[in-house]
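Here the structure is laid out as structure tokens; the discussion comes afterwards.
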Amino acid sequence: MIKLTMPDNSVREYEDGIVALDVAKSISDGFARIVVGAIYNGETIGLLNEIKNDGSIKFLKFEDKEGKHIFWHTSSHIMAHAIKKLWPDAKLAIGPAIDNGFYYDIDMEYRLVQEDFEKIEAEMKKIAKEGLTLERFELPRDEAIKFMEEKQEPYKVELIQDLPEDAVISFYKQGDFIDLCAGPHLESTKKPKAVKLLSIAGAYWRGSEKNKMLQRIYGITFEKAKDLEEYIKLMEEAKKRDHRKLGKELDLFFMSDEGPGFPFFLPKGVEVKNELMRFWREMHKKAGYVEIETPLILNRHLWETSGHWFNYKENMYTVEIDEQDFAIKPMNCPGGILVYANKMHSYKDFPMRVAEVGRVHRHELSGALHGLMRVRAFTQDDAHIYMLPEQIKDEIKGVVKLIDELYSVFGFSYNVELSTRPEKFMGEIKDWDVAESSLKAALDEMEVKYVINEGDGAFYGPKIDFHLTDCIGRTWQCGTIQLDYQMPQRFELEYTGADGQKHRPIMIHRTAFGSIERFFGILIEQFVGAFPTWLAPVQVKVLPISDKFNDYAEQVKKELDEMNIRVELDTRAEKIGYKIREAQMEKVPFMFVVGEKEVEGNTVSVRERQQGDMGSMKIEDIGNIILNKILSRENDSPQLI
RNA sequence: GCUGCCGUGGCUCAGUAGGUAGAGCGACGCACUCGUAAUGCGUAGGUCAACGGUUCGAUUCCGUUCGGUAGCUCCA
């Protein structure tokens with residue numbers, strides 16, 4: 001007998017080797033029907049796994065993240081099964097669960113088109129209906145390879161060959177379909193009843209562009225049709241928040257065929273950007289930064305020294321001037337370093353925090369461009385910090401804190417990644433160890449949650465990245481903190497230490513917004529275009545009821561102008577309902593309706609975008625309320641569902 | 001860059017099984033002078049992304065290019 005501890009700390013006894021599903025049944029049959037897997041001693045297991053030792057067990061439902069994972073992983077097998085039935089020559093590569101569904105990479109002659117989705121979905125539903133049991137079995141390496149060779153699955157053979165010598169090689173079988181897989185899986189194909197294939201795209205085998213491009217089919221499944229409908233609806237809602245759509249509708253920015261990847265900002269977009277930068281400068285000044293500007297174009301010699309001319313050439317825009325090669329800067333650091341090198345420095349100057357809001361140009365691949373999120377010309381809120389080794393940790397902490405404060409003003413949640421030494425790296429391992437442990441210590445001491453991307457750092461140093469999420473859940477790297485050991489060496493930067501000797505400074509390269517353009521894109525999506533009052537391009541719109549009151553409205557506007565509130569006047573010969581509708585769609589935080597009553601009482605009738613009519617108020621009173629919101633940078637954007 | 005899909009007035013979209021296009025919104029004009037999410041009438045606006053081919057004839061079919069888009073790769 002074995003003892004299993006339940007999540008409520010009760011202990012139950014079972015036969016040795018009982019499968020998880022039977023444990024669930026012992027609780028209740030109804031419970032057993034809704035569970036999809038379990039966590040046993042910290043490990044996610046399938047319901048048909050045998051349990052042989054004492055331990056703790058917690059069952060997973062579809063609602064649990066791990067539960068969804070199991071559910072969608074099995075779904076990907078069902079999809080592969082369906083595709084194999086329809087196109088027996090399809091070669092299977094990999095088919096994992098992802099955060100929102102699953103995909104399977106396959107290789108076959110036939111090019112799938114959207115119209116095939118229905119056929120595949122129907123086949124998947126058939127397999128679900130059959131309720132096939134997923135049986136797990138293991139094979140020794142040689143047999144596993146032979147088995148997959150017989151099945152003519154070259155990608156699977158390659159996968160097995162790359163597994164470590166001692167790896168357990170397991171397969172899952174459902175009916176006549178067998179797939180190499182570590183699991184775990186649902187006990188049966190019967191649960192994923194509601195099926196929808198989402199899209200088809202190319203994906204390189206093993207993620208390398210040198211390899212063959214396979215067909216990747218994305219899909220999602222649910223237990224009930226209702227949940228699927230809800231999901232589709234939610235996605236449609238989310239797409240309405242797309243910054244590319246809102247940017248156009250709200251006259252913030254646009255893209256032109258004449259400049260792919262080079263955004264044009266309209267007056268309203270520039271208002272928001274300027275407000276962002278005002279805030280940014282305020283914060284950085286308080287945090288002890290100074291600001292510089294460096295040229296957009298610098299000569300080849302500089303880019304050779306920095307290494308960009310050789311390592312980054314295909315991303316740089318170059319130009320010839322007076323028979324000399326120049327490059328438009330793809331990064332600000334080399335220019336910033338020239339500023340450092342322009343003068344002698346002492347250890348007493350450190351830490352030296354030098355910011356630059358720099359426009360950079362990078363020739364990104366055309367397929368990578370995406371609205372404001374991925375452009376070819378963008379503005380980095382860059383800064384370089386020069387310091388002593390013993391100052392690293394505190395400086396990192398300072399930057400982490402600054403970024404956290406900055407993001408929290410917008411109410412953004414973010415996730416942090418720490419990327420460590422890659423295989424190809426510059427410098428001494430001991431420097432890397434110091435750098436990595438400084439980054440870790442800073443994050444740990446600040447109790448910041450982060451994931452480690454082993455070996456994903458830049459070749460010149462490890463980095464901390466801050467990621468924000470867009471309307472449909474894609475994450476974008478915004479802020480970054482990078483320790484750079486390479487540039488100070490390449491440019492032979494120096495400072496005079498307390499010992500009177502020359503030393504090499506440590507350099508941090510960091511951004512908070514990352515790219516103003518990308519951050520702006522995230523901002524639009526998070527607020528669905530309804531910016532908090534302090535950021536709104538138009539904060540108040542004055543709406544006279546008829547043109548008899550235009551003079552008074554003009555007077556109101558003037559008063560608000562004097563208070564430094566961004567105000568617009570709508571004197572068109574339209575009905576008040578129409579003007580309000582339009583202002584509402586422009587997501588203007590405040591509307592002041594003025595007519596006869598207001599002229600008489602020297603007031604305005606205030607309408608707030610979310611609360612609606614707030615009654616009449618003295619201009620000065622409501623003006624001060626708005627001014628307070630602006631000065632405190634209150635996040636008064638309408639609450640989202 | 002690669003794979004799939006897409007490209008019709010400023011915007012959103014309809015249409016042409018090959019015979020040079022239509023709506024709503026917007027813009028403009030006129031009338032209405034209006035109280036919290038759309039007043040009515042009228043006018044202008046498109047070489048159907050560009051180039052080439054097939055055809056008596058192409059916006060429609062084919063090809064190429066450009067641009068967009070979903071992913072892959074890359075990255076802030």
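No experiment lies behind these values; they were computed from the predicted model shown.
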So does A/R362 reach the base of B/C75 with its side chain, donor to acceptor, closer than 3.5 Å?
-> no

Record whether the side chain of A/Y204 comes under 3.5 Å of the base of B/G71 through a donor-acceptor pair of N or O atoms.
-> no

C1' gap between B/A14 and B/A50, integer Å | 24 Å

Using a cut-off of 4.0 Å on non-hydrogen atoms, how would the nucleic acid contact of A/K248 be classed: base, sugar-phosphate, or nothing?
-> sugar-phosphate

Would you mind classifying the nucleic acid contact of A/V360 as base, sugar-phosphate or nothing, using non-hydrogen atoms under 4.0 angstrom?
-> nothing

Options B/C74, B/A76, B/C32, nucleotide nearest the side-chain atoms of A/A368 = B/C74

Mate of B/C34 where both pairing distances stay under 3.5 Å, Watson-Crick or G-U = none

Among the nucleotides B/G35, B/A76, B/A70, which one has an atom lying closest to any side-chain atom of A/E596?
-> B/G35

Using a cut-off of 4.0 Å on non-hydrogen atoms, how would the nucleic acid contact of A/R376 be classed: base, sugar-phosphate, or nothing?
-> nothing

Checking all strands, does A/R216 fall into the base, sugar-phosphate, or nothing category for heavy-atom contacts under 4.0 angstrom?
-> sugar-phosphate

Check every strand shown and say whether A/E249 touches a base, only sugar-phosphate, or nothing at a heavy-atom separation below 4.0 Å.
-> nothing

Could one point to a donor on the side chain of A/E598 or the base of B/G35 with an acceptor on the other under 3.5 Å away?
-> yes

Using a cut-off of 4.0 Å on non-hydrogen atoms, how would the nucleic acid contact of A/G514 be classed: base, sugar-phosphate, or nothing?
-> nothing

Using a heavy-atom cut-off of under 4.0 Å over every strand shown, decide if A/R206 touches base, sugar-phosphate, or nothing.
-> nothing

What is the nucleic acid contact for A/A583, judged by heavy atoms within less than 4.0 Å: base, sugar-phosphate only, or nothing?
-> nothing

Nearest to the side chain of A/I200 - B/G4, B/G71, B/A76?
-> B/G4

Under 4.0 Å between any heavy atoms, over every strand shown, what does A/M591 touch: base, sugar-phosphate, or nothing? Just pick one.
-> nothing

Is A/E596 atom CD crowded by more than 12 heavy atoms from other residues, nucleotides or ligands, each under 6.0 Å away?
-> no

Using only side-chain N and O atoms of A/H370, determine if any of them is under 4.0 Å from OP1 or OP2 of B/A70.
-> yes

So what does A/I576 touch, heavy atoms closer than 4.0 Å: a base, only the sugar-phosphate, or nothing?
-> sugar-phosphate

At under 4.0 Å between heavy atoms, what does A/Q215 touch on the DNA or RNA strands: base, sugar-phosphate, or nothing?
-> nothing

Which base, if any, makes a Watson-Crick or G-U wobble pair with B/U54, both distances under 3.5 Å?
-> none

Opposite nucleotide pairing with B/A21, Watson-Crick or G-U, both atom distances under 3.5 Å | none

Indicate, with a heavy-atom threshold strictly under 4.0 Å, whether A/G595 touches base, sugar-phosphate, or nothing.
-> base

Contact class for A/R572 (heavy atom, under 4.0 Å): base, sugar-phosphate, or nothing?
-> sugar-phosphate

Is A/Y578 stacked on the base of B/A37, with ring centres under 5.5 Å apart and planes under 30° apart?
-> no

